[in-house]
S.K.: 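Submitted below is the structure of interest, expressed as structure tokens.
Being a predicted model, the structure only gives us computed values, none of them experimental.
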Amino acid sequence: MKSGSLTPISKYEGIGGWLILVLISLLLTTIASIIFVKDIVIDYFQPEVWREITTAGSDFYHPLFVPIIIFEVVINCIFFVIVPIFLLVLMFKKNRLFPKAMIYYLVGSLILQIIDTALVVNTIYTLDAYKDIQPEYTASAYKEIGQSLIYTFIWVPYFQISKRVKATFLKETFDYKPAKKETAVASNPAENLFRTYHNKRVVLIKGKSRKELKKRPFSDY
């Protein structure tokens, strides 16, 4: 390396800043999805409940009820448990695929949420047994979709333009040039000579013991 050249240093590199929120979000999504799948299995796969939702003529029967339940279990297991874990692995390995994979995940999550909400609102919640809670569920579901839209519109551009993302995963460098230290100018030649002598003496004392300094004249160093 040439003398005086600067080595590119990126102060953005590393999992920090806003990426901490992404890390927390992926962890919480995984945990919440595991709990959600557990609740579905416990609630709907009990013999009595399963018989009600699969028997034609029952107040809880709809031909798409069971397919929707299976769809939600599979999607949550794959897309909201396995995929976030995979993304966390890419993140900790600082793999260059992480930003693009995260963008696909955000957009895919939003699309799946819209599909799932449309299916549930237009099938299960049209049954008389759910008529009383249908307005409340619909309002809540649409509110969650709106929040997901905002979330996606914030984080997709972030993964495209963030300097930290580029420095950490794409290995792009952003040069950091330290400020130049100003050297005081001596007012006269005698002071300049004293500064030169003093600086050499300081460096010499750091590298040699005081006894060694006494044995040999200063000019020998």
S.K.: Tell me whether the rings of Y137 and Y125 are parallel (<30°), tilted (30 to 60°) or perpendicular (>60°).
M.R.: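 Plane angle under 30°, so parallel.
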S.K.: How about F45: does its CZ atom have over 12 heavy atoms from other parts shown lying under 6.0 Å from it?
M.R.: yes
S.K.: Nearest 0.5 Å, please: how far is NZ in K143 from CD1 in I145?
M.R.: 13.5 Å
S.K.: Within the 4.5 Å heavy-atom criterion, are F98 and L87 side-chain neighbours or not?
M.R.: yes
S.K.: May I ask whether I20 and L28 are part of the same hydrophobic cluster, defined by side-chain heavy atoms of I, L, V, M, F, W, Y residues being less than 4.5 angstrom apart, directly or through others?
M.R.: yes
S.K.: Do M102 and V156 touch side chain to side chain, with heavy atoms closer than 4.5 Å?
M.R.: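 No. Closest side-chain heavy atoms not under 4.5 Å.
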S.K.: Membership question, hydrophobic clusters at under 4.5 Å side-chain separation (ILVMFWY): are V74 and V37 in the same one?
M.R.: yes
S.K.: Show the nearest heavy-atom pair for residues L110 and S148, with the distance to one decimal.
M.R.: CD1-CB, 3.8 Å
S.K.: Begin with the C-alpha distance, continue with both residues' side-chain angles, and end with the deciding distance and a verdict on side-chain contact (heavy atoms from CB on, under 4.5 Å) for K38 and I42.
M.R.: CA-CA 6 Å; K38 177 184 70 69; I42 292 175; 3.8 Å; yes
S.K.: Check whether any side-chain heavy atom of F79 sits under 4.5 Å from a side-chain heavy atom of S33, and report yes or no.
M.R.: no
S.K.: Give me the atom names and distance for the closest heavy-atom approach of S162 to V165.
M.R.: OG-N, 3.2 Å
S.K.: Parallel, tilted or perpendicular, judged at 30° and 60°: which one describes the rings of W155 and Y151?
M.R.: tilted
S.K.: Determine, using the 4.5 Å side-chain heavy-atom cutoff (strictly less than), whether Y158 and I154 are members of one ILVMFWY cluster.
M.R.: yes
S.K.: Mark yes or no for whether T55, through its side chain, and R51, through its backbone, hold a donor-acceptor pair below 3.5 Å.
M.R.: yes
S.K.: side-chain hydrogen bond (donor to acceptor under 3.5 Å, both in side chains) between Q113 and S109: does it pass, once the steps are laid out?
M.R.: CA-CA 6 Å; Q113 185 179 6; S109 298; over 6 Å; no
S.K.: Quick one, D59 and E52 - any side-chain contact, counting heavy atoms below 4.5 Å?
M.R.: no
S.K.: Hey, are the side chains of E72 and V120 touching, using non-hydrogen atoms and a 4.5 Å cut-off?
M.R.: yes
S.K.: Quick one: does T117's side chain get under 4.5 Å of Y142's, heavy atoms only?
M.R.: yes
S.K.: Indicate the atoms forming the closest heavy-atom contact of T152 with L106, along with that distance.
M.R.: OG1-O, 3.9 Å
S.K.: Any chance you could measure I68, atom CD1, to N122, atom CG, to the nearest 0.5 Å?
M.R.: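 So the gap between those two atoms works out to 9.0 Å.
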S.K.: Between T168 (side chain only) and G14 (backbone N and O only), is there a donor and an acceptor less than 3.5 Å apart?
M.R.: yes
S.K.: Counting only N and O atoms by type, is there a donor-acceptor contact under 3.5 Å from the side chain of S25 to the main-chain atoms of L21?
M.R.: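 Here the side-chain-to-backbone pair does not exist.
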S.K.: How many angstroms lie between CE in M91 and NZ in K93, if you round to the nearest 0.5 Å?
M.R.: 15.0 Å
S.K.: With a 6.0 Å cut-off on the ring centroids, do F80 and F36 count as close?
M.R.: no
S.K.: Between atom CD1 of I53 and atom CD of E48, what is the distance when rounded to the nearest 0.5 Å?
M.R.: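 If I round to the nearest 0.5 Å, the distance is 12.0 Å.
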S.K.: About how many Å separate CG of L88 and OG1 of T30, when rounded to the nearest 0.5 Å?
M.R.: 6.0 Å
S.K.: Nearest 0.5 Å, what's the CG-CG distance between L64 and L119?
M.R.: 7.5 Å
S.K.: Once side-chain contact (heavy atoms from CB on, under 4.5 Å) is applied, do any residues pair with T54, and if so which ones, sequence neighbours excluded?
M.R.: W50, V66
S.K.: What about L27 and V89, same hydrophobic cluster or not, with Ile/Leu/Val/Met/Phe/Trp/Tyr joined at side-chain heavy-atom distances under 4.5 Å?
M.R.: no
S.K.: Can the ring centroids of F65 and Y44 be said to lie less than 6.0 angstrom from one another?
M.R.: yes
S.K.: Does the D116 side chain pair with the main chain of L112, one donor and one acceptor, at a distance under 3.5 Å?
M.R.: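 No, because the side chain of D116 does not come within donor-acceptor range (under 3.5 Å) of the backbone of L112.
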S.K.: Between I31 and I40, is there a shared hydrophobic cluster once you connect ILVMFWY residues whose side-chain heavy atoms come closer than 4.5 Å?
M.R.: no
S.K.: If you look at every heavy atom in P67 and P63, which pair is closest and at what distance?
M.R.: CD-O, 3.5 Å
S.K.: When you compare the side chain of F159 with that of V22, does any pair of heavy atoms fall below 4.5 Å?
M.R.: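 Yes, at least one pair of side-chain atoms sits under 4.5 Å.
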S.K.: Under 3.5 Å, is there a donor-acceptor pair between the S140 and E136 side chains?
M.R.: no
S.K.: How far apart are the closest heavy atoms of E13 and K171, and which atoms are they?
M.R.: OE2-NZ, 4.1 Å
S.K.: Any heavy-atom pair between the side chains of V81 and N76 that's under 4.5 Å?
M.R.: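 In short, these two side chains do not touch, never coming nearer than 4.5 Å.
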S.K.: Can you name the closest pair of heavy atoms from R164 and Y12 and give their distance?
M.R.: NH1-O, 2.9 Å
